[in-house]
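Everything below concerns the one structure shown next.
Sequence lines set the chain letters: A, B, ... in the order given, protein chains first and strands last, and positions in each chain run from 1. From a predicted model like this one, the values you see are computed outputs, not experimental measurements.
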Amino acid sequence: MSLATDSPVNSSSSDDLAAFLDAELDSNSLGSSPEKEAEDKDEDEESIDEEAENEEARDDKDLERIKRRKTQIVETIQERPGPTLLGNLEEKTDMLYCAEVSLEMDNCPHPGSLGGMCYRCGKRLEEESGVTFSYICKGLRLGNDEIDRLRNTDMKHLLRHRKLYLILDLDHTLLNSTLLLHLTPEEDYLKSQADSLQDVSKGSLFMLAFMNMMTKLRPFVHTFLKEASEMFEMYIYTMGDRPYALEMAKLLDPSREYFNARVISRDDGTQRHQKGLDVVLGQESAVLILDDTENAWTKHRDNLILMERYHFFASSCRQFGYHCQSLSQLRSDESELEGALASVLKVLKRIHNIFFDELANDLAGRDVRQVLKMVRGEVLKGCKLVFSHVFPTKFPADTHYLWKMAEQLGATCSIELDPSVTHVVSTDARTEKSRWAAKEAKFLVDPRWIETANFLWQRQPEENFPVQQTKPEENFHAKQMKDQ
Amino acid sequence: MFFHIVLERNMQLHPRHFGRNLREHIISKLMKDVEGTCSGRHGFVVAITSVENIGKGLIRDGTGFVTFPVKYQCVVFRPFKGEILEAVVSMVNKMGFFAEAGPVQIFVSNHLIPDDMEFQSGDMPNYTTSDGSVKIQKDSEVRLKIIGTRVDATEIDKNISQSRPKWDPAGSHPSRFFCIGTIKDDFLGVINDPTTI
């Protein structure tokens, strides 16, 4: 079966273009005879292949060839229109360019790369160095000096706009998600209540069937983001994977005005099971973090504002070992105006206000971590606490997390009772110290009083945290514990 | 840069196409397979302009498929170092901006944007001069110079047109050519600003 043919086949749409091109070529009188066409083609391919690096070695040959071709062009009589090189200048431009740029290239420090090429000089980099920033754009790597430079310029820019950085966690901080599979029968009603995905800015409960997930935004989150965006440049930083993070960002910020590309997922982090500010292009002294997991930020505890976990779905409660009814099962929700996000927004406003308006020193020298510490230290200021029946026997009291928490909140902690003590924190109303508190008319509160104050950044009314009377059967156990 | 060149390709055809319309089948399959693909050697195949020659078919034992060597003329587009291109800005961030010239993606870092242009964040991030007269934002048209190219060397091969590229920085374009560009030179920069039209 042979289909050999001499004439070019007329194929539908590209035919006109061919005719046009041929006509154009003819008018330029840049054609060639059949024999020379072969040679020309040869040159085409080489010129396309060759990289600028080899250029110098081939200089002489090329120049000669170009000269020769020029004479050919003059002499050749057009015999047959054929495919011709349109841009035979390419060799020359490449050469000129090479000479001009090689000087610059030699002393380029390669600040960063994109897709393996230095983005300052365009050179291919042999080894990959620096930290990856794939959440900004895929294949981006930055050297340490470049990161510092970017942080500095960004910082100046940000301070001029009276803004700081705010890193937001997703799960249990801004929202709560569950797999549809994990919904309990009591939660089935949620499926019919899910809001439309067409206009996500109004709803708060979404069914993402394509991910087999259901997501509930924390009450107040829309207002929170809107008001926080005026004071902060915000990042999302989640331990979830990238597609999940982006999907959640779409729910929280459908018009991409708050986060833009600043969505960091676990795929972008540099350490496993840890979150770090090394992938954030912001100076640590200007970063605040909202997260529900303290352990994820071991290196940046001073920047962290710990959030009370938001558990809406039953599966989320189970995951953390709570056996109570979840908010979804109770068909209720966190309070919109007194919930965790509302109270933390007040704190953020206060910190922002202090940072920009109340500090006396130079703007660049201010540290938001100091401000955070100061604001935290005002919560329980003036309280003197004694703990009773809180720490296990022989536990060094001043290393207990409640002790430390109370001190961070500005309270003084003590082991001994004396008249200056204001609060007795106890789990049992019958201990010696608890009875002393009752007799001396001091506040007797449950340890949750401290924890709640820590989450809500406000001294809580003591009467809301009464100490439970221990049941008789627990007394035996209680006696075994030393009263501290 | 555009080139008009002759390329060759072996086309495998199913026996059901053998008949009166064999030639049309070969050509339409060729266009479908080749147009829009990219090779590191020749660049992007923009369009097939004509088919020069279809050679003798070779019957494959066992399958009944027939391989035809086809010679065709096509227009290809390949970016070069040092080439000046006009491109449309597709994304702006504090690292610089991305622009597209047809299928080629170009990144211009803030090192290679003139020093008097400063990044402005917001819902429409942009680079603006201090007096506000020149602005680079999404959809601006810029003239830039390419200083580095990268190809994922995938020669045109069977069904390459259907496979996704391995590396795609902005994730939007099925391109295999990626370039680093600069606008820090004479006669480079914005050539049209979408906000002033």
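- Looking at B/P69, neither its backbone nor its side chain comes within 4.5 Å of chain A, counting heavy atoms on both sides.
- Taking B/K184 as the reference, B/D115, B/T182 meet the side-chain contact (heavy atoms from CB on, under 4.5 Å) condition, with sequence neighbours excluded.
- Of the atoms belonging to B/S121, heavy atoms from both backbone and side chain fall under 4.5 Å from chain A.
- Only the side chain of A/L150 comes within contact range of chain B, with heavy atoms under 4.5 Å apart.
- Residues that satisfy the ring pair (Phe, Tyr, Trp, His ring centres under 6.0 Å) test with B/F119, not counting sequence neighbours, are B/Y127.
- Remark: B/D185 engages B/K145 in a salt bridge, criterion side-chain N to carboxylate O under 4.0 Å.
- Contact count against chain B (heavy-atom pairs under 4.5 Å) is highest for A/D154 among A/D154, A/L281, A/T153.
- Checked against the 6.0 Å centroid criterion, the rings of A/Y119 and B/H111 qualify as a close aromatic pair.
- The part of B/E118 that comes within reach of chain A is its side chain, from C-beta onward, which places non-hydrogen atoms under 4.5 angstrom from that chain.
- With respect to the salt-bridge test (charged N to carboxylate O, under 4.0 angstrom), the residues A/E233 and B/K94 qualify.
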